[in-house]
Trainee: 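Provided herewith is a single structure, encoded as structure tokens, for subsequent inquiry.
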Amino acid sequence: MSRSCLAVILAAGDSTRMKSSMSKVLHPVAGRPMIAHVMAAVASAGMTDAALVVGRDAEKVAKAGSLDGISVRSFLQTERLGTGHAVLAAREAIADGFDDVLVAYGDVPLITAAPFAAAREKLAEGADVVVIGFHTDKPFGYGRLLVESGELVAIREEKDATDEERKVTWCNSGLMAINGKKALSLLDKIGNSNAKGEYYLTDLVEIARAEGGKVVAVDAPETELTGCNNRAELAYIEKLWQERRRHELMVSGVSIIAPETVFLAFDTQIGQDALIEPNVVFGPGVTIDSGAVIHAFSHIEGAHVSAGATVGPFARLRPGADLAQGSKVGNFCEVKNGKVGEGAKVNHLTYIGDAVIGAHANIGAGTITCNYDGVNKFETRIGANSFVGSNSSLVAPVSIGDGAYIASGSVITENVPDDALAFGRAWQEIKPERAVAIRERALAIKAAKTAKK
């Protein structure tokens with residue numbers, strides 16, 4: 001659609017019912033602030049500019065709502081005088097004369113582009129106001145959309161509706177699209193002659209019709225319009241988002257054994273034929289390629305797992321972890337900013353941090369790359385086809401050559417050449433009968449302590 005489009009996002013709420021120290025719209029869903037979900041949806045519907053109406057945490061909200069390639073302006077709402085008043089806080093942006101103006105809310109993070117796109121199509125066909133509604137089997141408390149001959153004639157609030165009107169199950173979501181050329185004129189006609197003395201955006205329906213304009217409604221799924229006012233509702237929204245995304249992945253060819261136990265981030269990408277076992281958590285920035293296997297109870301964030309690689313169970317991949325094809329990071333292992341080469345194995349009880357592991361290397365149980373000296377981080381490089389024995393500590397910066405062999409229990413502080421064998425431990429000594437003397441001394445000490453009591 002070539003029409004210009006401004007989205008006005010209302011995000012000035014005080015988070016009173018959230019009982020939070022930060023703005024409600026900054027609370028995350030799937031690891032992303034609610035406001036960012038809404039911005040992504042309107043952007044996908046063809047938004048060219050955005051106006052954020054902000055209040056509390058204004059700078060943080062503006063940052064969370066920023067989008068590459070789209071002009072986003074912020075407008076401070078200093079008074080709370082209703083939705084119509086809130087939209088007019090962005091008067092300067094609306095006055096620029098866009099073709100379409102969308103009105104959305106920063107606390108409706110499940111919304112997708114489809115309802116906005118449908119509303120814009122109606123504007124392109126000649127409507128002046130388009131209300132986005134939803135059908136529900138529990139309409140109590142919502143404004144009813146009253147339609148005659150295909151046009152929306154009124155939004156009737158619960159308290160004002162007749163018994164017959166209350167039977168209507170098509171309800172107002174609060175989201176709206178307005179003819180941008182008429183938007184300011186229509187908005188300025190909203191009055192506050194009501195019990196609360198507030199300016200209601202819903203009055204645009206009657207105002208536009210009174211001027212001979214066309215007003216229609218479009219439908220959206222009820223779940224997409226779920227708003228958030230408290231922590232319980234935030235958890236419910238998270239549940240709905242996770243269910244939707246899991247379903248999308250599974251129908252695309254991903255196997256998830258126990259979907260309800262797997263938690264995804266907003267940008268999690270998983271390829272066809274990947275297998276996700278129960279109780280796996282994905283943080284932001286994860287890509288799992290086709291055919292990879294993520295075993296149970298693993299936590300992955302900011303990482304890439306290539307085709308045929310396996311992770312876990314009980315593994316943690318932190319930001320910068322990059323597993324090549326056919327590699328393995330096994331149980332109770334952690335990888336941070338580490339590249340694990342093709343076919344390499346980090347089987348169990350190991351920490352790999354700030355390291356590069358070559359193809360087909362084998363890292364024994366209990367190995368630690370000692371990457372931090374208390375001030376700075378340093379890199380460990382482990383060559384292809386090398387073998388690091390169990391319980392070894394590699395003190396960075398250090399390099400282990402291709403095909404090298406590190407004896408179990410070693411502390412390696414110097415570079416090891418290709419194909420070399422390195423020992424970094426004390427020689428074993430055996431003292432016959434010394435264990436008996438040690439036990440006798442310990443028992444004597446214990447007896448002396450008991451006698452004092």
Side-chain angles (χ1 to χ4, degrees), residues 293-301 303 305 309-324 326-435 438-439 442:
V293 177
I294 310 300
H295 290 295
F297 294 97
S298 294
H299 189 286
I300 305 176
E301 179 180 359
V305 179
T310 62
V311 176
F314 295 97
R316 185 183 184 194
L317 301 185
R318 292 170 58 194
D322 189 355
L323 277 57
S327 62
K328 179 180 180 180
V329 171
N331 50 293
F332 301 103
C333 292
E334 179 177 332
V335 179
K336 188 274 295 185
N337 190 30
K339 297 183 182 297
V340 181
E342 182 176 351
K345 295 179 180 179
V346 184
N347 276 321
H348 30 225
L349 301 163
T350 292
Y351 172 69
I352 300 296
D354 299 295
V356 177
I357 299 174
H360 305 290
N362 188 91
I363 310 301
T367 295
I368 299 172
T369 57
C370 307
N371 56 328
Y372 186 49
D373 66 359
V375 178
N376 299 301
K377 297 288 181 72
F378 297 97
E379 184 180 70
T380 299
R381 302 189 71 87
I382 301 171
N385 300 299
S386 59
F387 179 92
V388 179
S390 299
N391 200 35
S392 293
S393 296
L394 311 179
V395 183
V398 70
S399 177
I400 310 300
D402 293 346
Y405 195 108
I406 306 301
S408 297
S410 293
V411 177
I412 302 298
T413 58
E414 297 181 3
N415 293 343
V416 179
D418 294 352
D419 296 316
L421 168 63
F423 289 84
R425 63 190 185 201
W427 291 106
Q428 179 175 316
E429 290 189 46
I430 298 176
K431 304 290 186 180
E433 305 299 328
R434 184 66 63 84
I438 292 173
R439 278 194 298 271

Trainee: Apply side-chain hydrogen bond (donor to acceptor under 3.5 Å, both in side chains) to Asn337 and list each qualifying residue two or more places apart in sequence or on a separate chain.
Mentor: Asp354

Trainee: Tell me which pairs pass side chain to side chain donor-acceptor pair (under 3.5 Å) where either residue lies in residues 310-319, with sequence neighbours left out.
Mentor: Arg318-Glu334

Trainee: Taking only residues two or more places apart in sequence or in another chain, which ones pass salt bridge (charged side-chain N to carboxylate O under 4.0 Å, His left out) with Glu414?
Mentor: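 By the salt bridge (charged side-chain N to carboxylate O under 4.0 Å, His left out) rule, Glu414 matches no residue at all.
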
Trainee: side-chain contact (heavy atoms from CB on, under 4.5 Å) with Leu421: which residues, sequence neighbours excluded?
Mentor: Tyr405, Phe423

Trainee: For Ser298 and Gly312, work out which heavy atoms get closest and say how close.
Mentor: OG-CA, 3.6 Å

Trainee: Under 3.5 Å, is there a donor-acceptor pair between the side chain of Ser408 and the main chain of Gly389?
Mentor: no

Trainee: Say you draw a straight line from SG of Cys370 to CD1 of Ile412; how long is it, rounded to the nearest 0.5 Å?
Mentor: 10.5 Å

Trainee: Which heavy atom of Ser410 sits nearest a heavy atom of Ala422, and at what distance?
Mentor: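 Answer, listing the atom of Ser410 first, then Ala422: OG-O, 3.8 Å.
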
Trainee: For the side chain of Arg425 and the backbone of Val411, is there at least one donor-acceptor N/O pair under 3.5 Å apart?
Mentor: no

Trainee: Please enumerate all residues that pass side-chain contact (heavy atoms from CB on, under 4.5 Å) together with Asp402, with sequence neighbours excluded.
Mentor: Ala384, Asp418

Trainee: Of all residues at least two apart in sequence or in a different chain, which pass the salt bridge (charged side-chain N to carboxylate O under 4.0 Å, His left out) check with Lys345?
Mentor: none

Trainee: With sequence neighbours left out, write down each residue that passes salt bridge (charged side-chain N to carboxylate O under 4.0 Å, His left out) with Lys328, or none if nothing qualifies.
Mentor: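 Residues passing salt bridge (charged side-chain N to carboxylate O under 4.0 Å, His left out) with Lys328: none at all.
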
Trainee: So which heavy atom on Pro417 is nearest to which on Ala404, and how close?
Mentor: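 Reported closest heavy-atom pair: O-CB, 3.7 Å.
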
Trainee: Suppose the criterion is side chain to side chain donor-acceptor pair (under 3.5 Å): which pairs have a residue in residues 384-394, not counting sequence neighbours?
Mentor: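 Residue pairs passing side chain to side chain donor-acceptor pair (under 3.5 Å), neighbours aside: none found.
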
Trainee: Find the distance between CD1 (Ile363) and CD1 (Ile368) and round it off to the nearest 0.5 Å.
Mentor: 13.0 Å

Trainee: Does some side-chain heavy atom of Val293 sit less than 4.5 Å from a side-chain heavy atom of Val311?
Mentor: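 No, their side chains stay 4.5 Å or more apart.
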
Trainee: I want to check something: taking the side chain as every heavy atom from C-beta on, are Glu429 and Arg434 in contact at a cut-off of under 4.5 Å?
Mentor: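 They are not in contact (no side-chain heavy atoms under 4.5 Å apart), so the answer is no.
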
Trainee: So, using side-chain contact (heavy atoms from CB on, under 4.5 Å) as the criterion, who are the partners of Ser327 when residues are at least two apart?
Mentor: Ala309, Leu323, Val340

Trainee: Measuring from Ile352:CD1 to Thr369:OG1, what's the distance to the nearest 0.5 Å?
Mentor: 5.0 Å

Trainee: Going by ring pair (Phe, Tyr, Trp, His ring centres under 6.0 Å), name the pairs with one or both residues in residues 354-382, residues two or more places apart or in two chains.
Mentor: none

Trainee: With rounding to the nearest 0.5 Å, note down the distance linking CD1 in Ile382 to OG1 in Thr367.
Mentor: 7.5 Å

Trainee: Any side-chain heavy atom of Val398 sitting closer than 4.5 Å to one from Thr413?
Mentor: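 A side-chain contact under 4.5 Å is absent here.
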
Trainee: Can you see which heavy atom on Gly366 is nearest to which on Thr350, and at what distance?
Mentor: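 Looking at all heavy atoms of both residues, the shortest contact is N-OG1, 3.4 Å.
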
Trainee: To the nearest 0.5 Å, what is the distance between CG on Asn331 and CG on Asn347?
Mentor: 8.0 Å

Trainee: Kindly compute the distance separating CG (Leu317) from NE2 (His299), expressed to the nearest 0.5 Å.
Mentor: 10.5 Å

Trainee: What residues, two or more places apart in sequence or in another chain, satisfy side-chain contact (heavy atoms from CB on, under 4.5 Å) together with Ala324?
Mentor: Glu342

Trainee: Which pairs with one or both residues in residues 333-352 pass ring pair (Phe, Tyr, Trp, His ring centres under 6.0 Å), sequence neighbours excluded?
Mentor: none

